[in-house]
Number of protein chains: 2
Amino acid sequence: MKDGPDIARLAALIGDPARANILTALMSGKALTASELATEAGVSPQTVSSHLRKLEEGGLTTVLKQGRHRYVSLSGDDVAQALEGLMGLAAGRGHLRVRTGPKDPELRHARVCYNHLAGERGVQMFRAMRACGHLALDGDAVTLTDTGTRFVTDLGIDLAELEKSRAPMCRECLDWSARQYHLAGTLGRAMLTRMEHLGWMSRASEGRVITLTTQGAARFDTLFMPDRASQSV
Amino acid sequence: MKDGPDIARLAALIGDPARANILTALMSGKALTASELATEAGVSPQTVSSHLRKLEEGGLTTVLKQGRHRYVSLSGDDVAQALEGLMGLAAGRGHLRVRTGPKDPELRHARVCYNHLAGERGVQMFRAMRACGHLALDGDAVTLTDTGTRFVTDLGIDLAELEKSRAPMCRECLDWSARQYHLAGTLGRAMLTRMEHLGWMSRASEGRVITLTTQGAARFDTLFMPDRASQSV
DNA sequence: TTCATAGTTCGATCATAATCGAAGCATGGA
DNA sequence: TCCATGCTTCGATTATGATCGAACTATGAA
């Protein structure tokens with residue numbers, strides 16, 4: 001009995017170490033060049049060329065050519081979502097790197113997941129916004145409430161700009177480290193960008209770790225603590 | 001940069017066709033013997049023995065020995081969840097079997113997903129129960145309401161029995177065919193079992209298709225149509 | 001125009017792992 | 001006890017696919 005989608009082919013695409021490293025690097029949401037990805041994966045340019053072709057043919061990545069540069073990115077949110085799901089299962093089953101790097105705790109604390117905030121901080125933010133009634137849930141749908149609209153507008157987010165996009169504004173994304181949900185979608189992205197702009201947090205030039213400044217952490221905790229968020233609004 | 005969980009190893013486990021077939025068969029929620037899985041995967045007993053060892057070591061399956069029989073099952077809901085996520089991505093990317101069998105539409109309509117109802121029917125049920133206020137959502141948490149308690153009790157479900165289990169009673173499970181959520185957890189399982197008992201639907205002896213009787217479909221639609229469910233309670 | 005850089009294609013190499021025949025062990029039934 | 005059945009282990013075979021050196025194409029800058 002062989003029915004339903006063919007997960008073997010898709011999983012085999014992800015199951016090569018070099019390709020897994022490429023996909024993981026692309027989880028930052030950045031579009032990276034083939035050369036950068038060759039460095040990330042630790043293989044030669046010719047090898048990465050071959051891998052990228054397979055990923056593109058499999059529908060996991062898209063490529064944008066600009067002159068002699070080819071910018072590669074994940075082909076959509078759903079790829080990121082499935083990868084996070086695999087990460088969650090891998091973490092839950094103890095499938096960890098042999099050498100857990102010094103960045104592991106930092107990744108768990110705060111990291112970028114396809115351009116939005118993930119890790120403990122991401123979960124904290126999502127939970128606080130729900131607790132304060134800024135976000136409402138209806139099944140799989142997450143919507144911004146009236147108080148939420150005021151909240152994010154006060155924070156400096158241009159909602160009119162977000163509404164121009166056809167992508168969902170709010171979406172739940174299962175966090176592999178916290179095993180809870182954090183906020184994805186265009187609003188999730190805008191929140192991270194805004195907090196970077198405010199100087200609360202910054203992304204490393206390489207990798208996915210997000211670092212909060214001392215002041216940024218304080219401001220973040222002020223805004224996103226459930227029993228304190230009400231007072232600030 | 002090689003950080004976070006090792007998805008390559010896990011994906012490679014799933015990425016072998018024989019093992020993917022095994023895991024897909026186990027999505028029915030039944031515990032199957034090694035011989036049955038050898039038939040499912042279309043390989044010899046010695047090959048399946050080798051594959052099962054890998055899946056068990058990887059934490060994806062558990063084995064229960066009874067005499068000379070070894071009963072294999074998925075090691076948890078989270079495995080089923082990640083597999084469904086991969087199925088969704090595979091379906092969305094057109095990674096389908098070369099020969100889409102005659103069972104494909106039936107699988108999309110109603111199928112068993114780790115012992116609970118999936119497919120269009122599963123989504124319909126979950127949606128209707130939320131619309132009628134029988135289920136309440138708070139982030140990732142799904143809870144049975146007072147009206148929901150009465151509803152399922154009237155349907156013949158023994159909630160006291162369900163509450164004895166440590167497993168979550170209600171959980172959302174993303175449906176690969178419908179791209180929406182259906183109800184999982186012990187309640188989701190109990191609902192399917194109950195409707196089978198009422199003769200509304202039955203599982204094929206092999207595979208995961210669920211067939212509704214004419215009368216069963218009528219009763220199902222009566223109970224789980226959002227604008228009609230209120231009248232029946 | 002020349003040179004440097006980004007990236008692809010070709011083909012050979014080689015490591016890996018799925019596969020099954022043969023043999024053996026464990027269990028159950030007559 | 002003997003035979004049948006379920007399952008595992010061992011070892012050889014073979015197909016697959018990742019890999020990179022060599023060579024090439026395309027683009028950009030001086």
Side-chain angles (χ1 to χ4, degrees), chain A residues 2 6-26 30-73 95 97-98 206, chain B residues 2 6-26 30-73 95 97-98 206:
Chain A
K2 303 183 173 86
D6 183 8
I7 59 171
R9 189 178 159 221
L10 188 59
L13 274 182
I14 302 166
D16 172 71
R19 286 200 291 275
N21 284 333
I22 288 167
L23 293 168
T24 302
L26 294 175
K30 294 181 201 168
L32 300 175
T33 62
S35 299
E36 287 170 330
L37 290 172
T39 302
E40 287 287 345
V43 292
S44 70
Q46 44 268 54
T47 300
V48 89
S49 186
S50 170
H51 284 309
L52 291 180
R53 180 172 183 157
K54 288 184 167 92
L55 289 174
E56 192 181 359
E57 284 172 353
L60 296 186
T61 57
T62 56
V63 177
L64 178 68
K65 279 173 58 174
Q66 281 189 8
R68 64 191 178 179
H69 291 287
R70 291 168 51 86
Y71 289 94
V72 185
S73 52
H95 288 254
R97 307 286 176 167
V98 181
E206 289 196 340
Chain B
K2 303 183 174 87
D6 183 9
I7 59 171
R9 188 177 160 220
L10 188 60
L13 274 182
I14 302 167
D16 172 72
R19 287 199 292 274
N21 285 332
I22 289 167
L23 291 169
T24 302
L26 294 175
K30 292 181 199 164
L32 300 175
T33 62
S35 300
E36 287 170 329
L37 290 172
T39 303
E40 286 286 346
V43 292
S44 71
Q46 43 268 55
T47 300
V48 89
S49 186
S50 170
H51 283 308
L52 291 180
R53 181 173 181 157
K54 288 185 166 92
L55 289 173
E56 193 181 357
E57 283 173 353
L60 296 186
T61 58
T62 56
V63 177
L64 176 68
K65 279 172 57 174
Q66 280 190 11
R68 63 191 178 182
H69 290 286
R70 290 167 54 86
Y71 290 93
V72 185
S73 53
H95 289 257
R97 306 286 175 166
V98 179
E206 289 197 335

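Chain letters run A, B, ... following the sequence lines, proteins first, then strands; residues in each count from 1.
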Measuring to OP1 and OP2 of [N], would you say a side-chain N or O of [X] lies under 4.0 angstrom away?
| X | N | value |
| --- | --- | --- |
| A/T47 | D/dA18 | no |
| A/H51 | D/dT19 | yes |
| A/K65 | D/dT27 | no |
| A/R70 | C/dT8 | yes |
| B/R53 | D/dC7 | no |
| B/R19 | C/dA18 | yes |

Among [options], which nucleotide sits nearest the side chain of [X]?
| X | options | value |
| --- | --- | --- |
| B/V43 | D/dT19, C/dT19, D/dC7 | C/dT19 |
| B/R68 | D/dT5, C/dT19, D/dT19 | D/dT5 |
| B/D16 | C/dT19, D/dT19, C/dT8 | C/dT19 |
| B/S35 | D/dG6, C/dA4, D/dT19 | D/dG6 |
| A/H69 | C/dC20, C/dG7, D/dC7 | C/dG7 |
| B/Q46 | C/dA22, C/dA18, D/dT19 | C/dA22 |

Would you check if the side chain of [X] reaches a backbone N or O of [Y] as a donor-acceptor pair within less than 3.5 Å?
| X | Y | value |
| --- | --- | --- |
| B/R19 | B/L13 | yes |
| A/T24 | A/A20 | yes |
| B/T39 | B/S35 | yes |

Test side-chain contact (heavy atoms from CB on, under 4.5 Å), reference B/S73, set B/L32, B/V63, B/T62, output is B/T62
Using whole Å, report how far [atom1] of [X] lies from [atom2] of [N].
| X | N | atom1 | atom2 | answer |
| --- | --- | --- | --- | --- |
| A/L55 | C/dG7 | CG | P | 15 Å |
| B/I22 | D/dC7 | CD1 | C1' | 14 Å |
| A/R9 | D/dG17 | CZ | C1' | 15 Å |
| A/Q66 | C/dG7 | CD | P | 11 Å |

Judged by each residue's nearest nucleotide on DNA chain D, which is more toward the 5′ side, A/K54 or A/G67?
A/K54
Do B/I14 and B/L60 touch side chain to side chain, with heavy atoms closer than 4.5 Å?
yes
Base, sugar-phosphate alone, or nothing: which one does B/S44 contact when heavy atoms must sit under 4.0 Å apart?
base
Regarding B/V48, tell me which of base, sugar-phosphate or nothing describes its non-hydrogen contacts under 4.0 Å with the strands shown.
nothing
